[in-house]
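Below: the structure, in structure tokens.
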Amino acid sequence: MNGPMVAFACLAGLTLYSAWRVATAPQVTHAALFLAATFAGVAGLFFLLQADFLAAVQLLLYAGAVMTVVIFAIMLSEMREVESDARGWRSLLLSPRLGIVPLVGGVGLAAILLSAYHRAAPSWPLSPLPAAPDSTRFIAHALFHAYALPFEVASVLLLAAMIGAIILTRTEGGAKG
Amino acid sequence: MNIYLAALLKVVGVLAFVLGNAFILIWAERKISGYMQRRYGPLRVGGPAGLLQSAADILKLMAKEDFVPGGADLWLWWLAPAVALVPAVLVYLVLPIGRSFVLQNLSIGLVFFASVTSFTLIGIFMAGWGSNNKYSLLGAMRAGAQLFSYEIPLILSTIGVVMLTGSLTLQRIVAAQANVWFVVPQIVGFLVFYVASLAELNRTPFDLAEAESELIAGYFTEYSGIRWAMFAVAEYSNLFTTSALAVTLFLGGWRPLPLLAFIPGWVWFVLKTYVLVFVGIWIRWTLPRVRIDQLMDLGWKFLFPVSVANVLVTALVLAVR
Amino acid sequence: MAGGKDATPDATGRGAAAGGNSVPMARPADSGSAGPTVAAGGQDAAVAPELPTPELETLRQVIARRLSHLEPDGATVGLPAFRVVRERLLETARQWRDAPEIGLEYLSCLSGVDYRDHIDVVYHVFSVAHPGRGAVLKVAAQKTGTAGPWLPSVTAVWPGAEWHEREVFDLLGVRFTDHPDLRRILLPEGFSGGYPLRRDFSDERVQRERKVRQR
Amino acid sequence: MEAQGGAPAVVERDGRRLMKINMGPQHPSTHGVLRLIVTLDGEVVVGVEPDIGFLHRNFEKIVEGWSYPGIVPFSDRNDYLGAITNEVAVCLAIERLAQIEVPPRAVYLRVLFCELQRILSHILFYGTFGLDLGAFSPFMYAFREREWGYTLMEKATGARMLYAYNRIGGLRNDLPDEWFADLEKFLVFMERQAWPEYMGLLIENEIFRERTIGVGKLTPEQAIAWGASGPVLRSTGVAWDLRKAAPYLGYERFEFDVPVGKNGDTYDSAMVRMLEIKESIRIIRQVLKMLPDGPVLARVRPNLRPRAGEYYSRVESPRGEVGVYLVSDGSARPYRLKWRAPSFCHLQLVPAMGGGGKVADLIAAVGSLDVIMGEVDR
């Protein structure tokens, strides 16, 4: 058990726990904040992998910008308390908190991931790589040279999605407010 | 030396600096505002200039009751000051204080700074939501809109510097200012950065999130005692670090003025930072507060286009050269 | 108060001790003619009816000529004063505001005065366009009747009367019909102790014993 | 969010969910204990309802049991920033009914003190209005002159805020010559240094102009209909000043202008007050030139019994028209005394001024009315 392992365990625990709570938190604001914690945990994992640019971007875009948007979406939308009528067997089976189906699904997924990791593990280098001198430069190179076309296509796709969202949510007879 | 011990030392050192700095800044703000308002400011505690006023304040705040409002969202309420304080402490990691004096010379120093400070919003939102107070909620929403809007011109205004340097590493940015400080070629960027950073810091004229004449104290209306102090410490720490970043990016960092090179770099760094802090205090005690829609207009309709134009002009100049 | 409530009918302590004169002075019946009753101070009892400026004198004549249903009121010093019956209050107010040679569009003050058997509501009205003009309009709200004293609201003529009327309602208990929002204004919403500015008001609430810390 | 104070926290109107919020009675910018029940749609004020009465102390009832000389000091407490004008208003009513001739020197000194009081009140308005808009320093600068002015008042009257300086029939005491020299120094400082500083610090500031111009607009018709007076009415362009319209205390003898605004917004109302400071200085200068010698207090019997009758005296206080409706039945105590407070009428305008704007505009609108809750609630 060395330092990075401890850090990894903490970050992984934080990420997994808050991801679980995103789904199970009874209040939507709590869910949003757990989502932020998840993002932060993932950013920490990126740091551990010495992908510091990715980590920073993860924090900046997801924990910063996306979270702001999520919070605003929560505040601006018409929130109504929804009383869950799922009691009894339905909640036993399906409720994210104590449901059997999500539990089984989660455990199964974890098992699959772990077995996959075990199969693939030997091919992964376990000794630390020499730190990339400037990971930003590599990412930039990859994005703007090797994968320039997919990058641009993706951005066009996102633009189309954004315009589509605006059109879909526009109210009839001009936007009000 | 053991790296864990080194890390521990760094953390303790930063924390000590943050506290000491807040100590000095709070005293300085009270003293400066006092002189600007034709009064004396603190006088009694700790000698003729009230030097220990902050210590007395902290003692008082620690002795106060840790009041929790009824109906508060306990976890959010408890964690919010800590969440607001963490980014304020983390950013010290990358500040180039002297020629070879930086805690961690990250290659992405600038992005790290921006990303960590963007986390402050979460703390503010937690405080505003967790307090179960409508004024706090309004303050938190204002803070959210404000931080989000001004983050963009803030980051865009630094891009000109990055383009001139070709690096995100703060130490390299300082190194690139050997001949001329970037405030000269990037004067627009500097001004946009300073205005936007005042807005990010929630200081007058942009202190809408805690506008006391409208929202009492905004998101920390309900906080008292040591939790309130944590917000205050975070605020003053942010004031220092943002000014320090402005110094690093535009005012030559630890580089001395000509002929005064015998004074060590870190003194210059701190000195320049304090000058900017002073300007911030000066502005705070001079100007009235803008309104929320005027704030948004300034951010989106003025600072944002200006910073984009600054990036484009810089790129053009670089391409032509 | 040693004598109790029925010994001194007015609970503020005025009355016999205050100079032997607690007679209400301007009843609707004798308003215009005799003016107030004798003052015990030994001073000149008659109120000089003359007005300080010719413009006010003209205004008095104009009002008296045009609105013959108004009775002149003699108690007021310095301004032309008239008394109107409740039924014609709104009409009169409108005429005072709209008739160009009267033109009193500025309601300065609306007060209620309790005269035991009735409550006078007094309107002090002035003109901004013609600064020299001003007049007083009085109307009596009788306390008889099951509904208690009531008057039509003049908020339709002078919107600024809204809070003034609420205050008169709050402190004197005059109900204003057609008032947009007739609620208590100064006293707490649930106040049930009566109407404090009435002459017969006495604070019926249980006085809490004052606790003095003993040394 | 939980409901607070019994009112539902969230109300629905036209399918939108609105938030109800209590601004006051304890809030930094409600100038005392004013409670505004504000309905918000986000930052936009949908409805405002002022709720008053927290400072109600039954002034009008209490004075019915008091002798006339006792009323004068008590009237100070109504508009505690315009204490002298309150005293003058109530003295004028009593003196008129009791047919007391006030010595000329006292009349001139009353004018002087009314104007000095107006200057001090407007200075404080300047400071608090700056506070409402988030500028703290102008407040301290305002207090520099205010302290000086209050010291002057203290030297003259013995008290700093609630003077009890007017007596029925004149003033309590005459003033020594040094006092007038001090006053002259104060006026010179106000004119040469303080006034330009005020303008530069706040009024001419770009943010201040952005925040106030076009905010809380009133039309002249609205202002007259709702009984506005003083700077609030004058800011809409109506040159209505009781000192000109219905001169009392011989104001017709003095030469001064009535500053008026154009738009009826909060900027104009602040500007009108700033200009009035200058006019008041002008009047005081004229008083100092014209001040006659002689006694300052007429002989009045302590157990004063004015003749029966009623009189409505009106005085232009710093905030507007203070009216005292005095009904006397000839006894030693007033039969009825009604206090017409300008702030009371002005508060009715809050929904018209603050509705539809942002929260910050509402604060600016309430601040520009310069309400004193002491005279609203009486």
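Chain A is the first sequence line, chain B the second, and so forth, proteins listed ahead of strands; every chain is numbered from 1. In this text, all values refer to a predicted model and were calculated from it rather than measured experimentally.
- Contact of Ser229(D) with chain C is made through backbone and side chain together, with heavy-atom distances under 4.5 Å.
- Contact of the Leu110(C) side chain with the Lys338(D) side chain is not registered, since no non-hydrogen atoms from C-beta on lie closer than 4.5 Å.
- Across Trp240(D) and Pro131(C), no two heavy atoms sit closer than the pair CZ3-CA, 3.9 Å.
- The shortest side-chain heavy-atom distance between His56(D) and Leu171(C) falls under the 4.5 Å cut-off.
- For the set Leu107(C), Val122(C), Leu79(C), the entry with the most heavy-atom pairs within less than 4.5 Å of chain D is Val122(C).
- At least one side-chain heavy atom of Glu310(D) sits less than 4.5 Å from a side-chain heavy atom of Lys138(C).
- Only the side chain of Asn58(D) comes within contact range of chain C, with heavy atoms under 4.5 Å apart.
- Most heavy-atom pairs under 4.5 Å with chain D, from the set Ala81(C), Gly134(C), Cys109(C), Ala129(C): that is Cys109(C).
- Surrounding CZ of Arg175(C) are at most 12 heavy atoms belonging to other residues, nucleotides or ligands under 6.0 Å away.
- Listed in order of number, the residues of residues 216-225 of chain D that approach chain C to under 4.5 Å between heavy atoms are Ile224(D), Ala225(D).
- Here the closest non-hydrogen pair linking Leu186(C) and Val376(D) is CD2-O, 3.9 Å.
- Note on ring orientation: taking the six-membered ring where Trp is involved, the planes of Phe126(C) and Tyr312(D) are parallel (angle under 30°, cut-offs 30° and 60°).
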**Asked** Could you go step by step and tell me if Trp226(D) and Trp158(C) meet the side chain to side chain contact (heavy atoms under 4.5 Å, CB included) rule?
**Response** CA-CA 7 Å; Trp226(D) 288 92; Trp158(C) 297 299; over 6 Å; no
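- Side-chain contact between Tyr335(D) and Val113(C) is present, with at least one heavy-atom pair separated by less than 4.5 Å.
- Atom OG of Ser108(C) and atom CG of Leu242(D) lie 8.0 Å apart (nearest 0.5 Å).
- In this structure, the portions of Gln348(D) lying under 4.5 Å from any heavy atom of chain C include both its backbone and its side chain.
- Using a 4.5 Å cut-off on side-chain heavy atoms (C-beta onward), Arg314(D) and His124(C) make no contact.
- Two residues are said to be in side-chain contact when any heavy atoms from C-beta on lie closer than 4.5 Å; His164(C) and Cys345(D) meet this criterion.
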**Verdict with supporting geometry, Tyr115(C) and Val327(D), side chain to side chain contact (heavy atoms under 4.5 Å, CB included)** = CA-CA 11 Å; Tyr115(C) 289 110; Val327(D) 180; 3.7 Å; yes
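- When side chains are defined from C-beta on, Ile185(C) counts as touching Phe344(D), because their heavy atoms get closer than 4.5 Å.
- At a 4.5 Å heavy-atom cutoff, the contact between Arg183(C) and chain D is made by side-chain atoms alone.
- Using a distance-only test at 3.5 Å, with no hydrogens or angles considered, no donor-acceptor pair links the side chain of Arg336(D) to the main chain of Asp114(C).
- Interface remark: Leu347(D) contributes backbone and side-chain atoms alike to the contact with chain C (heavy atom separation under 4.5 Å).
- Atom CD of Glu252(D) has more than 12 neighbouring heavy atoms from other residues, nucleotides or ligands inside a 6.0 Å radius.
- Here the side chain of Tyr106(C) pairs a donor or acceptor atom with the backbone of Ala228(D) at under 3.5 angstrom.
- Counting heavy-atom pairs closer than 4.5 Å to chain D, the top residue among Glu167(C), Glu105(C), Glu162(C) is Glu167(C).
- Nearest heavy atoms, Tyr311(D) versus Val77(C): CD1-O, 3.1 Å.
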